[in-house]
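Please read the structure below before turning to the comments.
The figures that follow rest on heavy atoms only: side chains count, while hydrogens, waters and symmetry mates do not.
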Amino acid sequence: MQTLADVLVGLVAALHVYILVLEMFLWERKPGRGLHGFDAEMARATAPLAANQGLYNGFLAAGLIWGLVADDPTGFRAQVFFLACVVVAGVYGAATANRRILFAQALPGALALAAVLVAR
């Protein structure tokens, strides 16, 4: 079960690295604009906000990676904390921005969190 938990945590971390790249570096290009259906002008206007969001996603990824490489109990605690942050951010994003975020962010985070807790 520990291997499954580690894989799920790694996948959630990778997802947040991808989101970082999308929001910080590709927002004004086709992948970023396509995410929300923005035209070039709207993407340009919202790029600073997206970059800020991307940075936060990078912090989530860094925390999850730290949780994977740190010895217990620190690693376990870091994984639980950062996965809980992922779930809360996903639920909030779904409630305030787009319901898809519930399935794209909160659900993977919740599944990884459950696996981490069960593997303990």
Side-chain angles (χ1 to χ4, degrees):
M1 189 64 179
Q2 186 63 51
T3 301
L4 175 62
D6 289 346
V7 167
L8 291 177
V9 171
L11 289 172
V12 173
L15 171 65
H16 285 275
V17 168
Y18 171 73
I19 294 170
L20 173 146
V21 170
L22 187 67
E23 292 177 340
M24 292 188 80
F25 305 111
L26 301 176
W27 191 253
E28 294 184 59
R29 294 191 174 104
K30 188 175 180 178
R33 289 195 334 245
L35 184 65
H36 294 288
F38 289 164
D39 61 18
E41 183 179 333
M42 180 62 88
R44 194 170 23 264
T46 59
L49 297 171
N52 188 287
Q53 289 177 183
L55 184 62
Y56 286 110
N57 280 287
F59 291 141
L60 292 173
L64 292 171
I65 293 166
W66 172 43
L68 285 171
V69 300
D71 292 330
D72 284 337
T74 302
F76 170 76
R77 291 175 181 161
Q79 288 179 34
V80 170
F81 174 77
F82 284 98
L83 287 169
C85 289
V86 166
V87 172
V88 169
V91 169
Y92 184 79
T96 61
N98 189 319
R99 203 174 347 187
R100 290 183 305 175
I101 298 171
L102 188 65
F103 302 103
Q105 183 178 10
L107 181 60
L111 292 173
L113 179 58
V116 166
L117 294 172
V118 168
R120 182 72 168 162

For residues [X] and [Y], report the shortest heavy-atom separation together with the two atoms involved.
X	Y	value
L8	A115	CD1-CB, 3.8 Å
Q2	A119	OE1-CB, 3.6 Å
V12	P108	CG2-O, 3.6 Å
G109	L83	O-CD2, 4.0 Å
V86	L64	CG2-CD1, 4.4 Å
H16	A61	CB-CB, 3.9 Å

(message) Tell me whether R33 contacts the main-chain N or O of E28 through its side chain, where contact means a donor paired with an acceptor under 3.5 Å.
(response) yes
Is there a path from [X] to [Y] through hydrophobic residues (I, L, V, M, F, W, Y) whose side chains come within less than 4.5 Å of each other?
X	Y	value
V17	L22	no
V87	F103	yes
V21	Y18	yes
L15	V9	no
V118	L111	no

State, yes or no, whether a side-chain contact exists between [X] and [Y] at a heavy-atom distance under 4.5 Å.
X	Y	answer
L60	Y56	no
L55	L20	no
L107	L102	no
V7	L11	yes
D72	R120	yes

(message) Nearest 0.5 Å, please: how far is CG in L26 from CG in L35?
(response) 11.0 Å
(message) For D39, is the CG atom crowded, meaning more than 12 foreign heavy atoms sit under 6.0 Å from it?
(response) yes
(request) Tell me, yes or no, whether the heavy-atom count around F76 atom CZ, taken from other residues, nucleotides or ligands under 6.0 Å, exceeds 12. (result) yes
(message) Is there a side chain to side chain donor-acceptor pair (under 3.5 Å) between Q53 and N57? Walk through the geometry before answering.
(response) CA-CA 6 Å; Q53 289 177 183; N57 280 287; over 6 Å; no
(message) If you apply the rule side chain to side chain contact (heavy atoms under 4.5 Å, CB included), what do you find for I101 with Y92, and how did you get there?
(response) CA-CA 9 Å; I101 298 171; Y92 184 79; over 6 Å; no
(request) Measure the acute angle between the ring planes of W27 and F38, then classify it against the limits of 30° and 60° as parallel, tilted or perpendicular. (result)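 Rings of W27 and F38: perpendicular, over 60°.
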